[in-house]
Amino acid sequence: MSPSLPLAEVERATPASPLPLPRRFFVETWGCQMNELDSQRMAGQLMQQGILPTRDPEEADLILLNSCSVREKAAQKAYSRLGEYRLIKRRRPHLLIGFCGCVAQQEGEKALARIDDLDFVVGPGRVGELGEILRQRRLGQRRVATGFPDARQRNYELDAVSREGAYKGMVTIIEGCDKKCTFCIVPSTRGPEQSRRLDDVLAEVRHLVAYGFLEIELLGQTVNHWRDPETGADFADLLDAVARLPGVSRLRFVTSYPRDFSQAMVDQLGRHPNICPYLHLPVQSGSDRVLRRMGRGYTAEEYRDLAGRLRRARPGLALSTDVIVGFPGESDEDFAATMQLVEDLRFASIFAFKYSPRPGTAALKLRDDEVDGARADARLQALFALQNRIQRELNEALVGEQLDVLVTSWGKRPGTQTGRTPCHRVAHFEYGREPLPLGALTRVRVEQAHPHSLITSLAR
Ligand code: SAM
C-alpha cells in the first residue's frame with residue numbers, strides 16, 4: 001500500500017495478546033450486486049487462510065456486516081445490527097466483528113470510537129485488503145481501512161473470490177461513480193469512477209468460463225461509462241469483446257446509465273445473441289421537471305427514444321427500471337407523468353422506492369418542498385398496482401412458450417427448482433427423477449403466469 005494514498009487510516013494498538021485464527025466466518029450482505037461481489041471477495045480471502053463459511057452467526061468466530069447506505073436510516077440500522085452481534089460477543093468473547101460496506105465507509109473512525117468491541121472497519125474500496133486487516137487484528141491492531149485507492153492498486157486476485165451461487169460469475173469493470181444525481185449517496189461511499197483495464201476484465205471472464213460459469217455479469221454503478229484507461233476503448237467495445245469470448249453463454253451487465261447508452265452499445269445488443277435480452281435502465285421519474293431537479297441529464301422523451309431503439313435492435317428485450325417517488329417537489333402532475341411512462345413502456349419489472357434523504361446529497365437543499373409521507377406512500381402503492389397488472393399481462397403472454405432457463409436454486413416445495421429465463425424472469429419447475437445441477441441450462445414450457453414468476457414444466 002503506497003503511503004501517499006489519501007486514505008483515512010487509523011491503527012490502534014490494543015493490549016491483547018495475539019488472537020487465534022478464526023475457524024468459521026459469517027457474512028451478512030445488504031444492497032446491490034457490487035456489495036454481493038465484495039462479500040464474495042472477502043469470503044474468498046478468508047477461505048484462502050483456511051477459515052470456513054457458516055450460515056449461522058452463532059457458530060462464527062468472525063462476523064462481517066457488509067452494509068448498504070442507499071436508503072433509509074442506514075447508519076441506524078447498521079448500528080442496531082452490530083448491537084445484535086455484540087450480544088453474541090458477550091457470550092463468546094473471542095468473536096471478531098468487522099463492519100464493512102458503504103455505511104462503514106461513511107462512518108469510518110466514528111464507528112470504532114462508538115463501539116469499543118468492534119474489531120475493524122473496511123470500506124468498499126479496501127475489501128481486497130481484508131486478509132491483511134485480519135492478520136493485523138490478530139496482532140492487536142484495530143484498523144479503519146476506508147478511502148479509494150487507485151484501481152491499479154486494488155487487489156482483484158482472481159482466486160481470492162468465493163464464487164457462490166454457482167450459476168453467475170460477476171466481474172467488476174468500473175468502480176465508483178462520478179455522476180451528480182442530487183438524491184444519491186453512492187459517489188461518496190464508493191468514490192470516484194475508475195475503470196479496470198480491458199485485458200484484466202477479459203482475463204477474469206476467461207477465468208470464470210474455465211471455472212464453469214455459463215453466465216457472466218459485468219458490474220458497475222454506471223457500467224456503460226466504462227473506458228479502458230489506456231486505449232480509450234468504450235463499453236460498446238468491451239461488450240463486443242466479452243460476447244465474443246468462447247464459452248460465454250449469457251452476458252448481462254448492471255447498472256446502465258441512460259445518458260451514457262450510445263447507439264454503438266444499442267447495436268451490440270442486436271449483434272450478439274448471447275447478450276441477454278434484458279436490460280436494467282433506471283429512469284427514476286417520468287417528469288422532466290423532476291429529472292432536472294434530480295440532475296439526471298436526460299428527458300423522459302430521450303429515455304423513451306432510447307427504449308424504442310433498444311427494442312428495435314433487440315426484439316423481445318425486457319427492460320427493468322428504478323423509480324423514486326416522492327422526490328422533493330414532485331407534484332400530482334409529475335407523478336402522473338411517471339405513471340404514464342410506466343404504462344407506455346411496459347417494463348418487465350420495476351424497483352420503486354420512496355425518496356429517502358441521504359446525508360451530504362444536494363437534494364437536502366430541496367427539503368422545503370418535501371412530499372408528505374402518506375402521499376408518497378399512496379403514490380408508491382399506485383405504481384406497484386399498475387406495474388403488477390403490466391407484469392401479469394406480460395407474463396401471461398408467455399404461456400405456452402418454450403424458454404431456456406438457467407438453474408439458479410432449489411425451489412421452496414420438495415421436488416422443485418428455480419431458474420432464470422434469458423429475460424431474467426423467475427421460472428419454477430418440477431425436476432422429475434433427478435435434480436438438475438445448479439448453473440445448468442434447461443428448456444421449459446411456460447404453464448402459468450404470476451406477476452413475479454412463471455410456473456413451468458421441463459420441455460422434453
Ligand atoms: N447508479 C445507478 C443509477 O443511478 O442509475 C443506481 C444507484 S442506486 C445503488 C440504486 C437505486 O436506488 C437508484 O437507481 C435509485 O432508484 C435508488 N436510490 C438511490 N438513492 C435514493 C434515495 N435517496 N432515495 C430513494 N431511492 C434512492
Side-chain angles (χ1 to χ4, degrees), residues 29-38 66-75 77 101-103 105-106 124 172-195 217-226 235 253-261 265 279-287 290-291 293-298 302-303 306-307 319-330 335 338 341-342 347 349-367 369-371 373 376-377 379-380 383-384 387:
T29 310
W30 299 348
C32 63
Q33 279 98 329
M34 300 200 80
N35 269 17
E36 233 180 86
L37 179 55
D38 285 347
N66 192 0
S67 57
C68 165
S69 60
V70 167
R71 277 175 295 276
E72 289 158 19
K73 303 177 174 88
K77 268 174 39 188
C102 293
V103 185
Q105 167 61 40
Q106 242 176 286
T172 298
I173 65 163
I174 177 168
E175 303 272 4
C177 181
D178 286 346
K179 298 282 184 283
K180 298 199 164 41
C181 304
T182 57
F183 53 82
C184 194
I185 197 167
V186 167
S188 68
T189 57
R190 287 200 162 263
E193 259 180 21
Q194 296 187 53
S195 293
E217 188 169 51
L218 307 176
L219 298 185
Q221 288 297 333
T222 52
V223 74
N224 56 330
H225 206 230
W226 176 90
F235 185 66
F253 47 96
V254 75
T255 298
S256 295
Y257 196 81
R259 196 182 61 206
D260 296 329
F261 216 103
M265 294 171 201
L279 182 68
H280 185 62
L281 196 63
V283 67
Q284 313 298 1
S285 171
S287 152
V290 174
L291 287 171
R293 284 160 71 92
M294 287 178 165
R296 293 290 287 180
Y298 54 84
E302 284 164 348
Y303 184 94
L306 173 59
L319 278 179
S320 70
T321 201
D322 292 342
V323 172
I324 297 179
V325 303
F327 186 74
E330 183 189 66
F335 179 64
T338 299
L341 182 133
V342 168
F347 293 102
S349 65
I350 287 189
F351 302 87
F353 316 99
K354 199 160 79 156
Y355 168 70
S356 158
R358 308 305 300 120
T361 55
L364 291 182
K365 293 198 195 91
L366 306 172
R367 263 194 140 157
D369 276 347
E370 221 165 74
V371 174
D377 281 332
R379 287 179 184 168
L380 197 57
L383 179 60
F384 284 144
Q387 181 59 21

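In each ligand, atom 1 is the first atom listed, and ligand 1 is the first ligand listed. The figures here come from the full heavy-atom set of this structure, side chains too, leaving out hydrogens, waters and symmetry mates. Quick caveat, the model's predicted, so the values are computed rather than measured.
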Minimum side-chain heavy-atom gap His225-Cys177 below 4.5 Å: no
Atom 11 (C) of ligand 1 [closest protein heavy-atom partner, distance rounded to 0.1 Å]: Asp322 OD2, 3.4 Å
Leu218 vs Phe235 side-chain heavy atoms within contact, under 4.5 Å: yes
Interfacing atoms of ligand 1 (cut-off 4.0 Å, heavy-atom, Arg358): 23 (N)
Geometric N/O contact Gln284 with ligand 1, under 3.5 angstrom: yes
Any Arg296 heavy atom less than 4.0 Å to ligand 1: yes
Parallel, tilted or perpendicular, as decided by the 30° and 60° cut-offs, for the rings of Tyr298 and Tyr257: perpendicular
Protein residue, atom and distance nearest to atom 20 (N) of ligand 1, heavy-atom basis: Phe183 CD1, 3.3 Å
Short N or O distance, Arg71 and ligand 1, threshold 3.5 Å exclusive: yes
Protein contact to atom 1 (N) of ligand 1 [nearest heavy atom, distance to 0.1 Å]: Gln221 O, 2.9 Å
4.5 Å side-chain heavy-atom contact, Val325 and Thr338: no
Pair Glu330-Ser285, side-chain donor/acceptor within less than 3.5 Å: no
Whether Phe327 and Phe183 hold their rings parallel, tilted or perpendicular, with breakpoints at 30° and 60°: perpendicular
Test item: Asp369 side-chain N/O and Pro328 main-chain N/O as donor-acceptor pair under 3.5 Å: no
Heteroatom distance test (Tyr355, ligand 1): nitrogen or oxygen, under 3.5 angstrom: no
Distance from atom 27 (C) of ligand 1 to nearest protein heavy atom, with residue and atom: Ile324 CD1, 3.7 Å
Taking atom 25 (C) of ligand 1 as the reference point, the nearest protein heavy atom with its distance: Lys354 O, 3.4 Å
Nearest protein heavy atom with distance in Å, relative to atom 9 (C) of ligand 1: Val70 CG2, 3.6 Å
Residue pair Phe253 / Asn224, side-chain heavy-atom distance below 4.5 Å: no
Atom 23 (N) of ligand 1 - nearest protein heavy atom and its distance: Ser356 O, 2.7 Å
